[in-house]
Amino acid sequence: MGNFINAECPYCGRKFAEGDDIVVCPECGTPHHRDCYKEHGSCANEERHGSFEWGFVPPKKGEPAASQSAANEQNPAACPNCGVLNPAGARYCVGCGAPLGSFGPGGRAGGPTPEEAFREERERVFTQAFSGTNFEGVSPKEAAQVIRTNIEYFLFRFRSFASGRKADVNFSAFLFSYFYLFYRKMYGLGLAVFIANTVLSIPSLLLNIMTIQEMYVEQGLLSRIIWNVPHQEELMVFALIASVFTWFIRIGLMLFFNRLYYSKVINTVKKTRDGLEAGGAAIDEISYYGTLRKKGGTSMIIPIILFALLMLGSFCIAGWIVTSPYFTLFQ
């Protein structure tokens with residue numbers, strides 16, 4: 001601990017001594033007494049993050065490093081100086097305070113990728129720009145951990161919603177409908193919109209099957225109609241009404257998605273915070289923000305799977321026609 005001896009704790013002002021239980025801010029490298037850090041709830045230099053780095057003095061060879069109990073061992077990065085495990089994304093070792101810039105998140109050599117570094121810097125800039133804003137008890141930094149991508153777009157709109165605005169325009173929600181909802185991890189609403197759109201598309205789907213069969217008969221690819229869709233006149237009326245409802249859904253998503261997403265982000269932060277506080281222990285900032293990032297962000301998995309299933313359905317309809325004994329091309 002010799003590298004911290006006689007340095008002052010920024011919270012209480014007392015100088016560190018041998019045997020003190022010290023933790024280091026992973027963002028700027030500032031050492032604190034563990035009790036001081038817990039009492040303050042965060043780094044005493046948090047407001048200076050991005051423009052401040054605590055001066056690190058390497059410990060002498062063989063000198064013990066600080067305790068590693070504060071490290072989050074789910075995604076550890078071993079400090080190249082003292083070997084202490086650090087939380088993923090830490091910039092400074094929580095044990096000895098050494099810079100981890102050459103070691104990077106999760107123990108990956110070479111540090112963060114340019115894309116990760118750019119995202120982290122953009123997140124820092126915009127959360128600082130909105131530092132005086134409060135979203136119903138949620139700070140911009142907390143909201144940014146859930147948003148993860150396109151932070152500046154949503155923080156601007158969140159600020160207007162916190163001031164009482166009810167609606168806004170999101171063209172991505174209009175264009176991609178439930179795909180965009182699943183992408184933003186709004187699974188409940190996404191499933192509801194998907195089911196509604198699927199039901200509303202049934203009349204048009206039946207009419208399209210009939211139209212394709214008639215076209216193939218005219219081209220000589222089918223010798224006769226495979227399935228004569230019943231009640232075509234009624235289906236045309238239903239298809240027209242369904243298309244109107246489908247457009248209403250799209251326009252509704254365009255106007256109210258941002259507001260709904262705002263509520264989702266706020267609820268995610270508050271539920272996460274309440275869950276950690278219910279445990280009775282002091283909230284660890286590193287694990288707290290890590291949990292928010294896991295719950296938030298975006299996901300392409302479900303949109304891709306859903307798109308693949310829709311394509312598979314189209315191929316099944318095409319296969320039904322091609323394998324019919326009335327399909328003449330292969331006969």
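Because the structure is predicted, anything quoted here is derived from the model rather than measured. Only heavy atoms go into these numbers, but all of them, side chains included; no hydrogens, no water, no symmetry mates.
- With contacts defined as side-chain heavy-atom distances shorter than 4.5 Å, the pair Arg184/Asn150 qualifies.
- Ring-plane geometry between Tyr262 and Phe161 is classed as tilted, the angle between the planes lying from 30 to 60 degrees on a 0 to 90 degree scale.
- For the residue pair Leu235 and Pro203, the shortest heavy atom distance occurs at O-CB, 3.8 Å.
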**Request:** Could you check Leu292 against Arg273 for side-chain contact (heavy atoms from CB on, under 4.5 Å), going step by step and ending with a plain yes or no?
**Result:** CA-CA 9 Å; Leu292 291 178; Arg273 187 194 299 159; over 6 Å; no
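- With Glu8 contributing its side chain and Phe16 its backbone, the two residues share no donor-acceptor pair below 3.5 Å.
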**Request:** Might you work through the side-chain contact (heavy atoms from CB on, under 4.5 Å) test for Asp168 and Arg259, ending with a clear yes or no?
**Result:** CA-CA 7 Å; Asp168 193 60; Arg259 175 69 193 191; over 6 Å; no
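- Side-chain contact between Arg224 and Val217: absent, with no pair of heavy atoms (C-beta onward) separated by less than 4.5 Å.
- Between Pro10 and Pro31, the closest heavy-atom pair is CD-O, 3.2 Å.
- Between the Thr246 side chain and the Asn197 main chain, no donor and acceptor come within less than 3.5 Å of each other.
- At least one side-chain heavy atom of Arg14 sits less than 4.5 Å from a side-chain heavy atom of His33.
- In terms of hydrophobic clustering, with Ile, Leu, Val, Met, Phe, Trp and Tyr side chains grouped at heavy-atom distances under 4.5 Å, Val229 and Ile225 are assigned to a common cluster.
- Phe256 and Phe245 fall within the same hydrophobic cluster, defined by Ile, Leu, Val, Met, Phe, Trp and Tyr side-chain heavy atoms under 4.5 Å apart, directly or through other members.
- Aromatic rings from Tyr11 and His40 are positioned such that their centres are separated by under 6.0 Å.
- We find the CD-CD1 distance between Glu214 and Ile212 to be 10.5 Å, quoted to the nearest 0.5 Å.
- Put simply, the side chain of Lys185 gets close to the backbone of Gly296: a donor and an acceptor are under 3.5 Å apart.
- Of the possible donor and acceptor atoms, none in the side chain of Lys270 sits under 3.5 Å from a partner among the backbone N and O of Val265.
- If you chain together hydrophobic residues whose side chains sit under 4.5 Å apart, Leu207 and Phe238 never meet in one group.
- By the neighbour-count criterion of 12 heavy atoms within 6.0 Å, atom OH of Tyr289 is densely surrounded, having more than that number from other residues, nucleotides or ligands.
- The main-chain N or O of Glu142 is never found under 3.5 Å from a side-chain atom of Gln145 such that the two would form a donor-acceptor pair.
- Side-chain N or O atoms of Asn170 include one that pairs as donor or acceptor with a backbone N or O of Ser172 at under 3.5 Å.
- Counting only distance, with no hydrogens or angles, the side chain of Asp20 and the backbone of Ala17 share a donor-acceptor pair below 3.5 Å.
- Residues that satisfy the ring pair (Phe, Tyr, Trp, His ring centres under 6.0 Å) test with His231, not counting sequence neighbours, are absent from this structure.
- Proximity of Ile22 to His32: side-chain heavy atoms (C-beta onward) are nowhere separated by under 4.5 Å.
- Closest non-hydrogen pair, Asp21 versus Arg34, comes out as OD2-NE, 2.7 Å.
- Looking at every heavy atom in both residues, Tyr153 comes nearest to Val169 through OH-O, 3.1 Å.
- At least one side-chain heavy atom of Leu200 sits less than 4.5 Å from a side-chain heavy atom of Ile249.
- Gly190 and Phe182 make their closest contact through C-CZ, 3.5 Å (heavy atoms, listed as atom of the first residue, atom of the second, distance).
- Within the model, atoms OH of Tyr216 and CG of Leu222 stand 8.0 Å from one another, a figure rounded to the nearest 0.5 Å.
- For Glu233, the CD atom is loosely surrounded, since the number of other residues' heavy atoms within 6.0 Å does not exceed 12.
- With ring centers used as reference points, Phe174 lies 6.0 Å or more from Phe257.
- Atom OH of Tyr187 is surrounded by more than 12 heavy atoms from other residues, nucleotides or ligands within 6.0 Å.
- Residue Phe171 holds its CZ atom at 8.5 Å from CG of Leu175, rounded to the nearest 0.5 Å.
- Remark: Lys271 NZ is loosely packed, at most 12 non-hydrogen atoms of other residues, nucleotides or ligands lying under 6.0 Å away.
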Anything under 3.5 Å between a donor and an acceptor, one on a side chain of residues 297-321, the other on a protein residue two or more places apart or in another chain? List them.
residue	atom	partner	partner atom	Å
Ser299	OG	Ile301	N	3.4
Ser314	OG	Leu310	O	3.3

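- Interatomic distance, SG of Cys25 versus OH of Tyr37, reported as 5.5 Å (0.5 Å rounding).
- Looking at heavy atoms from C-beta onward, Lys295 lies out of side-chain contact with Val146 at the 4.5 angstrom threshold.
- By the 4.5 Å heavy-atom criterion applied to side chains, Leu155 and Phe135 are counted as neighbours.
- Residues Val193 and Val244 do not share a hydrophobic cluster, defined by chaining ILVMFWY side chains whose heavy atoms lie under 4.5 Å apart.
- Residue Phe156 holds its CZ atom at 9.5 Å from OG1 of Thr133, rounded to the nearest 0.5 Å.
- The number of heavy atoms from other shown groups lying within 6.0 Å of CH2 (Trp227) is above 12.
- Between Tyr261 and Phe154, the two ring planes are tilted [angle within 30° to 60°].
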**Request:** Please report the C-alpha distance between Phe158 and Ile147 in whole Å, then the side-chain angles of each, then the deciding distance to 0.1 Å, and finally whether the side-chain contact (heavy atoms from CB on, under 4.5 Å) criterion is met.
**Result:** CA-CA 11 Å; Phe158 283 12; Ile147 299 170; 3.6 Å; yes
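- With a 6.0 Å radius and a threshold of 12 heavy atoms from other residues, nucleotides or ligands, Met236 has its CE atom at or below the threshold.
- Checked for salt-bridge contact, Glu152 and Arg157 miss the test: no charged N lies under 4.0 Å from a carboxylate O.
- Ser177 has its side chain within reach of Leu253: a pair of non-hydrogen atoms, C-beta onward, lies under 4.5 Å apart.
- Interatomic distance, OG1 of Thr211 versus CG of Leu206, reported as 10.5 Å (0.5 Å rounding).
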